[in-house]
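Reading through the structure tokens given below for one structure.
So you know, we letter chains A, B, ... as the sequences are listed, proteins then strands, and number each from 1.
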Number of protein chains: 2
Amino acid sequence: MGSSVVMSSKQKVYQGVLQKIRQYIDHQHLMPGDKLPSERELADTLQAGRSSVREALRAMELLGLIETRRGEGTFLSTYRPYETVELLSSFILKEARTRKDLFLAKKILEKEAAKLAFSRIDGQDLDKLEHLLHDSLMGPTDRHVAFFKYLFAKSENLLLARVWQLMEEFSHTINKLYYNKVFYIELVQLYSTKNYQLIEPLFDSFAIVDDQME
Amino acid sequence: MGSSVVMSSKQKVYQGVLQKIRQYIDHQHLMPGDKLPSERELADTLQAGRSSVREALRAMELLGLIETRRGEGTFLSTYRPYETVELLSSFILKEARTRKDLFLAKKILEKEAAKLAFSRIDGQDLDKLEHLLHDSLMGPTDRHVAFFKYLFAKSENLLLARVWQLMEEFSHTINKLYYNKVFYIELVQLYSTKNYQLIEPLFDSFAIVDDQME
DNA sequence: GGTTAAGGGTGGTCTGACCACTTTACGGCG
DNA sequence: CGCCGTAAAGTGGTCAGACCACCCTTAACC
């Protein structure tokens, strides 16, 4: 950084600013928490208007790349791609807003998490899962969410977990979904008897209970 | 739309503007290509400054949600996340673990699409898939993308397809990935011999070829 | 040394000016 | 009446400037 924003005939100033900021972050080896130059300084250095700098920063902020704090400055944030997926998914899910697509996609993720978690479920986990199933203070949807949150944590694939969570949260705007209670009991049994090959057939044999039909 | 931006104590004006625009898109059932109100009109209607409106629009533009054209206006775009993906990739690369998550998640989706497509693959589809495999003008990555694009279309689960597409585009910024060529041939064979039960083991037995290691 | 107030710096928001480009409207001519 | 050219109106794009809310640092006072 030190040169003005390069103005290609098609590129808007905020896009040039964005590129320069990214280069600055790279060259300075900035880590999350590190401070960027002030808006005014950026505007001076890049010979752009402060508004144009702000437009670039707002775009980055929405993507979760930076955090701006009034009176303090602009800081590189711990990058959380999942927040971006959240915003994007709100559009994606809207387009694909058929119940069938959503529920099947979610079921697939749950099934795969169940299988990924398989080798990591020990006796203690079984206890916790069974405790969940027998907690009579929990409604079926909450139990479902807690159950699979547990399994997704065990799967140790954060991206899958987050995508599932977004689908789960989004599906709540449609209605509440869960499997028949026998399903959960049988899945825990499969973990108990170490019967990996029966996980997929189990998912295939249980239909989702659709709260809206009741 | 018609009320001013609600100012919560923590929310910035541009975030409120963003919400209102999203609501407007919903209420008007806007489709890609449809025109949004002008910046000045939005500023009047939402009782915000034009700069604040622009900040919100820049953020949406960077996400590929809208397209602004000087002299014409602001249009809802057919969702194309290319610019976003490029911007995010420089940050997503920093986490090797995220990378591992991404590849595994993508493989899972590809596997499930292959299975969902199973019952819809006919002789004509087989011809097309085989044609893909024998197109020597295609590099391995392009072939992989075309191959699975085809399968996801056959799966008829638009949500899964979109999530996979997003992951696929993310992963391209990291490196180029595909399976060993024998994989595709064997999968087409499974379709030909109608051997559904072997799809999952096939995916389990093939490692992803990582271009970066070559 | 501790506390408080002031000063300087930060981001946040808005207004206004002006430019480049597109679309619309109007007038003149055939 | 239709077409063409020009001007006006409308669009986004950029910048400067003003002022506010907040934060941090420094200086002054007890």
Side-chain angles (χ1 to χ4, degrees), chain A residues 1 3-21 24-25 28 30 32-77, chain B residues 1 3-21 24-25 28 30 33-77 83:
Chain A
M1 200 152 60
S3 54
S4 64
V5 174
V6 175
M7 296 297 304
S8 81
S9 63
K10 295 197 175 179
Q11 189 172 52
K12 296 170 185 176
V13 167
Y14 93 94
Q15 289 169 321
V17 170
L18 204 48
Q19 287 177 9
K20 291 294 181 179
I21 294 177
Y24 178 85
I25 292 172
Q28 302 291 332
L30 292 197
D34 288 346
K35 188 176 178 305
L36 294 179
S38 72
E39 293 176 357
R40 290 177 178 91
E41 195 174 327
L42 286 170
D44 282 349
T45 305
L46 301 183
Q47 292 177 32
R50 190 176 149 214
S51 290
S52 299
V53 168
R54 290 185 57 82
E55 288 181 12
L57 292 177
R58 284 303 73 69
M60 294 180 75
E61 187 176 15
L62 191 63
L63 287 172
L65 303 177
I66 61 168
E67 182 179 356
T68 65
R69 297 198 282 270
R70 178 190 286 191
E72 301 186 50
T74 301
F75 300 86
L76 198 61
S77 70
Chain B
M1 198 153 61
S3 54
S4 64
V5 175
V6 176
M7 296 298 302
S8 80
S9 61
K10 296 198 176 178
Q11 188 173 49
K12 297 172 187 176
V13 169
Y14 91 94
Q15 288 170 322
V17 170
L18 198 50
Q19 286 178 8
K20 292 292 183 183
I21 293 176
Y24 177 85
I25 292 170
Q28 302 290 332
L30 293 194
D34 289 345
K35 186 174 180 309
L36 294 181
S38 71
E39 292 176 357
R40 290 175 178 92
E41 195 175 330
L42 285 172
D44 282 350
T45 306
L46 301 183
Q47 291 176 32
R50 191 178 148 213
S51 287
S52 300
V53 168
R54 288 185 57 83
E55 287 181 13
L57 292 176
R58 286 300 74 69
M60 293 181 75
E61 189 175 9
L62 187 64
L63 285 173
L65 302 175
I66 60 171
E67 182 179 355
T68 64
R69 297 197 283 269
R70 177 190 290 191
E72 300 184 52
T74 301
F75 301 86
L76 199 61
S77 73
E83 204 170 2

So how far off straight is the helix from dG1(C)-dC30(D) to dG30(C)-dC1(D), going by the axes through five pairs at either end, to 10°? 20°
On a heavy-atom basis, the closest approach of Ala43(B) and Gly49(B) is CB-C, 4.1 Å
Rounding to a whole Å, what distance do you find between Met60(A):CE and dG11(C):P? 14 Å
Given atom CD of Gln47(A) and atom C1' of dG13(D), what is their separation to the nearest angstrom? 18 Å
Starting at atom CD1 of Ile21(A), determine the distance to atom P of dG11(C), rounded to an integer number of angstrom. 11 Å
Distance-only donor-acceptor check, side chains Thr68(B) and Lys12(A), under 3.5 Å: yes
Verify, without hydrogens or angle tests, whether Thr45(B) (side chain) and Glu41(B) (backbone) share a donor-acceptor contact under 3.5 angstrom. yes
Mind checking the CG-CD1 spacing from Leu57(B) to Ile21(B)? Nearest 0.5 Å is all I need. 4.5 Å
Tell me, with the steps shown, if Val17(A) and Leu42(A) meet side-chain contact (heavy atoms from CB on, under 4.5 Å). CA-CA 9 Å; Val17(A) 170; Leu42(A) 286 170; 5.9 Å; no
Contact letters for nucleotides 5-12 of chain D, in which S counts primed atoms plus P, OP1 and OP2 and B counts the base, heavy atoms under 4.0 Å: -----BBB
In whole angstroms, the gap separating P of dC21(C) from CZ of Phe75(B) amounts to 17 Å
Side chains of residues 69-76 of chain A: which donor-acceptor pairs under 3.5 Å do they make with residues two or more places apart or in other chains?
unit_1	atom_1	unit_2	atom_2	d
Arg69(A)	NH1	Glu67(A)	OE1	3.3
Arg69(A)	NH1	Glu67(A)	OE2	3.3

Would you name the heavy atoms of Tyr24(B) and Leu30(B) that are closest together and state the gap between them? CE2-CD1, 3.9 Å
Which whole-number value in Å describes the distance from Leu42(A) CG to dC15(D) P? 13 Å
Between Arg58(A) and Ala59(B), what is the shortest heavy-atom contact and its length? O-CB, 4.2 Å
Whole-Å distance, Tyr14(A) OH to dC15(D) P, equals 14 Å
